[in-house]
Asker: 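Before I ask anything, here is the structure I am working with.
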There are 2 protein chains.
Amino acid sequence: MKSGHAERDPVRWQEQVESVCAGQGLHLTPLRRRVLTILSESSAPLGAYAIIDQLSRLEGKPIAPPTVYRTLDFFLDHGFVYKIESRNAYAPCEHLGHAHHGVLLLCDKCGRSDEIEDMGLDRLLQATAARAGFAPHRQMVELVGLCRDCAA
Amino acid sequence: MKSGHAERDPVRWQEQVESVCAGQGLHLTPLRRRVLTILSESSAPLGAYAIIDQLSRLEGKPIAPPTVYRTLDFFLDHGFVYKIESRNAYAPCEHLGHAHHGVLLLCDKCGRSDEIEDMGLDRLLQATAARAGFAPHRQMVELVGLCRDCAA
DNA sequence: TCCCGTAAGGATATAACATAACAGCTGCTG
DNA sequence: CAGCAGCTGTTATGTTATATCCTTACGGGA
């Protein structure tokens, strides 16, 4: 029985990140690794303060916001994580390697986020922007609604 | 000489909102009217607290956040204003009447926001979502980059 | 007239999200 | 070993948004 969700494997995802880091000489420190685990094990995107809480519990001492925001910045910069602007939340990027400009499907009911790529859409967006004389360097496409599972 | 920007006429926009309100029996109170004016006269989208500041100056007394957030909610509910999620800012919706699901072009340099409609894009988004079994009821498409004027 | 319901706004407090600024540590490299 | 870069800790603060309760204004029906 297959779920409607992408069924990301947390372990596999983390291994991929590890291998990309190794390949690019990026430092995957213990702190970063822990945040990675927290993110990957969550079924839904997490807010920064949810990460702070979990991390504080893990470490047994309070972790201050800047620590987590810096870690998130590192992941965002390298495309391992994306930010969901309409929710102020962060989620593992399933398509490592590509610039992360997918379409986000955000379920109202279960809170999950799914990311899909669509070259046709990207081209159309680019063309639409170009027609307005606009040169985009970042795009956000977020759809809020009901996912397959929750609609059923 | 025509600007690259939509050159929205603040007065005209406000009149349109007035007429829609009249037509739908919506109450355009003095407070709402003042917020409308503040929004329409700004060249770039405003954050809620910028509105609070301006409104407080206009009224000669401090205005509390809930007052402005309620007013914004009213405008958002009726599609007079849209929220720019990636900036936490609010701007007049130039296409009254349509559900406001346009593409937002956000200039990094001058801070302005432009809204364009694209039926083709909407259809493609809808189709893409449907293929994933997703039923969207709200969409956000934001492109960040350089507008025509600033690129020149 | 009196009462009541509803919509709008005021006031206080607090929650939630994010960053500035500086200090310390570690490991590399000249 | 000196000096620098990268990472983390710490304190404080800035920014955005909501919960809660109270008051006012207005319209409709007993």
Asker: Can you tell me the distance, in whole Å, between the CG atom of A:D73 and the P atom of D:dT8?
Answerer: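 After rounding, the reported distance stands at 12 Å.
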Asker: Give the nucleotide from the list D:dC7, C:dT19, C:dG9 with an atom nearest to the side chain of A:P65.
Answerer: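 Between D:dC7, C:dT19, C:dG9, the one nearest the side chain of A:P65 would be C:dT19.
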Asker: Side chain of A:A64 only, heavy atoms from C-beta on: which candidate in D:dT10, D:dT8, D:dA17 is closest?
Answerer: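 So the nucleotide nearest the side chain must be D:dT10.
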Asker: For B:E85 and B:R138, run salt bridge (charged side-chain N to carboxylate O under 4.0 Å, His left out): C-alpha distance rounded to whole Å, both residues' side-chain angles, the deciding distance at 0.1 Å, then the answer.
Answerer: CA-CA 13 Å; B:E85 296 287 351; B:R138 182 183 170 210; 2.8 Å; yes
Asker: Taking the inter-plane angle between the rings of B:F74 and B:H78 on a 0 to 90° scale, is it parallel (under 30°), tilted (30 to 60°) or perpendicular (over 60°)?
Answerer: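 Answer is tilted, since the angle falls between 30° and 60°.
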Asker: Checking contacts here: which listed nucleotide (D:dA17, C:dA8, D:dT8) is nearest the side-chain heavy atoms of A:L31?
Answerer: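 That would be D:dT8.
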Asker: Output yes when at least one side-chain N/O atom of A:K83 is less than 4.0 Å from OP1 or OP2 of C:dA18, else no.
Answerer: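 A:K83 to C:dA18 OP1/OP2: side-chain N or O found under 4.0 Å.
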Asker: Measure CD1/A:I63 against P/D:dC7 and give the value in whole Å, please.
Answerer: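 So the CD1-P distance, A:I63 to D:dC7, works out to 17 Å.
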Asker: Less than 4.0 angstrom between a side-chain N/O of A:K61 and OP1 or OP2 of D:dT8, yes or no?
Answerer: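 Answer no for this pair, as no side-chain N or O of A:K61 is under 4.0 Å from OP1 or OP2.
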Asker: Contact class for A:R70 (heavy atom, under 4.0 Å): base, sugar-phosphate, or nothing?
Answerer: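 The residue A:R70 makes base contact.
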Asker: Whole-Å distance between C:dA7 P and B:L26 CG?
Answerer: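 Atom-to-atom, B:L26 to C:dA7, this comes out as 12 Å.
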Asker: Once you apply a heavy-atom cut-off of 4.0 Å, does A:F74 come out as touching a base, just sugar-phosphate, or nothing?
Answerer: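 Since no nucleic acid heavy atom lies under 4.0 Å of A:F74, the category is nothing.
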Asker: Answer with yes or no whether the side chains of A:Q139 and A:D122 bring together a donor and an acceptor at under 3.5 Å.
Answerer: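 Looking only at side-chain atoms, A:Q139 and A:D122 do form a donor-acceptor pair, the distance falling under 3.5 Å.
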Asker: To the nearest Å, give me how far apart CD1 (A:I52) and P (D:dT8) are.
Answerer: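 Rounding to the nearest Å, CD1 of A:I52 and P of D:dT8 are 15 Å apart.
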Asker: Could you state the CD-P distance from B:E59 to C:dA11, rounded to the nearest angstrom?
Answerer: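 Taking atom P of C:dA11 as the reference, CD of B:E59 is at 11 Å.
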Asker: Rounded to whole Å, please give me the gap between NE2 in A:H78 and P in D:dG6.
Answerer: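 About 11 Å, once rounded to whole Å.
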Asker: Assign A:T67 to base, sugar-phosphate, or nothing according to its heavy-atom contacts below 4.0 angstrom with the strands shown.
Answerer: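 Base, at least one base heavy atom under 4.0 Å.
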Asker: Using centres under 5.5 Å plus planes under 30 degrees as the test, is B:Y49 stacked with D:dT15?
Answerer: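 No, aromatic ring not over the base.
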Asker: We want to know whether A:E142 and A:S86 form a side-chain donor-acceptor pair, criterion being a heavy-atom distance below 3.5 angstrom.
Answerer: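 Side-chain D/A pair, A:E142 to A:S86: present.
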Asker: From the list C:dA8, D:dA17, C:dA18, which nucleotide is the closest neighbour of the side chain of A:Y69?
Answerer: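 Of the candidates, C:dA18 comes closest.
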Asker: Checking contacts here: which listed nucleotide (C:dG10, D:dA19, D:dT8) is nearest the side-chain heavy atoms of B:P66?
Answerer: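 The answer is D:dA19.
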Asker: Rounded to the nearest Å, what distance is computed from the CG atom of residue A:L72 to the P atom of nucleotide C:dA18?
Answerer: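 Roughly 9 Å, once rounded to whole Å.
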Asker: Would you say a side-chain N or O of B:N88 is under 4.0 Å from OP1 or OP2 of D:dA17?
Answerer: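 For D:dA17, OP1/OP2 do have a side-chain N/O of B:N88 under 4.0 Å.
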Asker: Is B:H27 atom NE2 crowded by more than 12 heavy atoms from other residues, nucleotides or ligands, each under 6.0 Å away?
Answerer: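 No, because the 6.0 Å sphere around NE2 of B:H27 holds 12 heavy atoms or fewer from other groups.
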Asker: Quick one: A:D53 CG to C:dA16 P, roughly how many Å, whole number?
Answerer: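 One finds 10 Å between P of C:dA16 and CG of A:D53, rounded.
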